[in-house]
Amino acid sequence: MAERRKLIAGNWKMNGLREDGIALAGGIAAKAMGQDLACDVVVCPPTTLLAKIDRAFEASTVALGGQDCHAAEKGAHTGDISAEMLHDAGCRYVIVGHSERRTDHGEDSATVKAKAVAAHRAGLTAIICVGETGEQRDAGQTLDVIAQQVVASLPPNADGANTVIAYEPVWAIGSGRTPTLDEIGAVHGHIRKTLAQACGTAADRMRVLYGGSVKGANAAEILAVEAVDGALVGGASLKADDFWQIVTAAS
Ligand code: PGA
C-alpha cells in the first residue's frame, strides 16, 4: 500500500483583518519553527493577507494556499483571482469546489474541474472538495453523490503530487456535528475505489482529507481512520493553539 504523508490544511475563509491575520500567522509559524513535522501543513488565508503573511512562513515548512481560483489565466473577470496570481503570491495549493463556493456561487463539478485544471497549469496542488448535503445523506445517497462529484471534478492527469481530495459533508461544516468514524471510513474507502478506477495507480499517493467540524478534541480519532490522509479545518484553524493541536495529532 502506498505511503501517504498526512496533510493538515487550514481554511480561514472570509476571516481576518491585517492585524489579526498577521498575529495568527505569527502564532502558527512560531509553533512550526524548528519542528521536524511528520505531516504537511498548509494555511489558506483570505487573498488580501497573502502578501502580508508570506514572510511569517518563510523559515518554516508551512505552505500557503488560496481558497479559490478562476479557470482563466487572466482577463476580464472582475473580482476574481487566477491560479497564476496565487502562485505568484507564494501559494503552493488552492482549494477548489468548497461547498460554500458550490452553494454561494453556483459552481458545479464541471466548473470545479476547470479550476483544478487551472491550478495544475499554474503549478499549484488542487484541493478538490466534495460532500453530500444533509438531505442527500438522509436519502441514503451519500456514496453515489460523492463518487459522481469526484469523477466529474477530477482534472486529467491528476496524481498524488498535484491533487488532493477533501471529503466535507456539507451538514458537518461549521455545525459541530461529524459523521461517525465508521461512516467517515466508508466514504473514504469509496473515494479511494473511485479514484483507483478513474486514475489507476496515479491515485495511489493522492491524499483524501476529511473536513467538517474537525477540532483538537476529535482530530486524533478521525485521523486514525483508515484512508483518512489529513484534515481540512475551518473554524479551528483560526486559533494557533487549536490548529496546532490538530497538526500535532497528525504528526
Ligand atoms: P469547519 O469548516 O472546520 O469550520 O467545520 C471546514 C471547512 O469548511 O473546510
Side-chain angles (χ1 to χ4, degrees), residues 6-16 20-21 24 28 39-47 49 62-69 86 91-107 109 112 115-116 119 124-134 136-137 142 145-146 149-150 153 163-181 183-184 187-188 191 207-223 225 228-250:
K6 285 197 169 28
L7 170 67
I8 304 298
N11 172 14
W12 293 5
K13 308 192 180 184
M14 199 172 72
N15 294 295
D20 303 335
L24 176 54
I28 294 169
C39 66
D40 293 334
V41 181
V42 55
V43 165
C44 304
T47 311
L49 291 176
V62 176
L64 278 176
Q67 297 179 9
D68 176 54
C69 66
L86 291 172
C91 291
R92 284 174 36 210
Y93 293 81
V94 62
I95 300 169
V96 293
H98 189 282
S99 75
E100 287 147 19
R101 300 286 318 175
R102 290 183 189 256
T103 305
D104 295 357
H105 299 271
E107 293 183 5
S109 292
V112 175
K115 291 181 176 210
L124 299 175
T125 296
I127 302 177
I128 301 174
C129 302
V130 296
E132 82 285 2
T133 63
Q136 290 165 331
R137 168 185 159 90
T142 299
V145 166
I146 298 303
Q149 286 183 0
V150 167
S153 306
T163 303
V164 173
I165 304 293
Y167 168 53
E168 298 205 302
V170 178
W171 53 273
I173 294 175
S175 66
R177 294 165 57 217
T178 57
T180 65
L181 300 177
E183 286 169 336
I184 293 174
V187 176
H188 278 244
I191 292 174
R207 293 176 284 195
V208 182
L209 315 184
Y210 169 78
S213 296
V214 176
K215 47 185 195 253
N218 62 15
E221 59 181 21
I222 291 174
L223 291 167
V225 173
V228 171
D229 305 313
L232 179 53
V233 185
S237 72
L238 295 173
K239 290 208 174 105
D241 284 347
D242 294 353
F243 186 57
W244 212 253
Q245 226 181 318
I246 298 167
V247 171
T248 307

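Along the sequence shown, residues are numbered consecutively beginning with 1. Since the model is a prediction, treat every value here as computed from it, not as a measurement. Just so you know, ligand 1 is whichever comes first in the structure, and atom 1 is the first atom listed for that ligand.
Listed for the H98 side chain is a donor-acceptor partner under 3.5 Å among the backbone atoms of E100. Side chain of S213 to backbone of G176: a donor-acceptor contact under 3.5 angstrom is found.
Contacts of ligand 1 (protein heavy-atom distance under 4.0 Å) are N11, K13, H98, E168, A172, I173, G174, G212, S213, L232, V233, G234, G235.
S237 is linked by a side chain to side chain donor-acceptor pair (under 3.5 Å) to nothing, counting only residues two or more places apart in sequence or in another chain.
Classification of the Y210-H188 ring pair by plane angle, with boundaries at 30° and 60°, yields tilted.
When each of L181, T178, V228 is paired with E221, the side-chain contact (heavy atoms from CB on, under 4.5 Å) condition holds for L181 and for no other.
Salt bridge status for R102 with E168: absent, with no side-chain N to carboxylate O gap under 4.0 Å.
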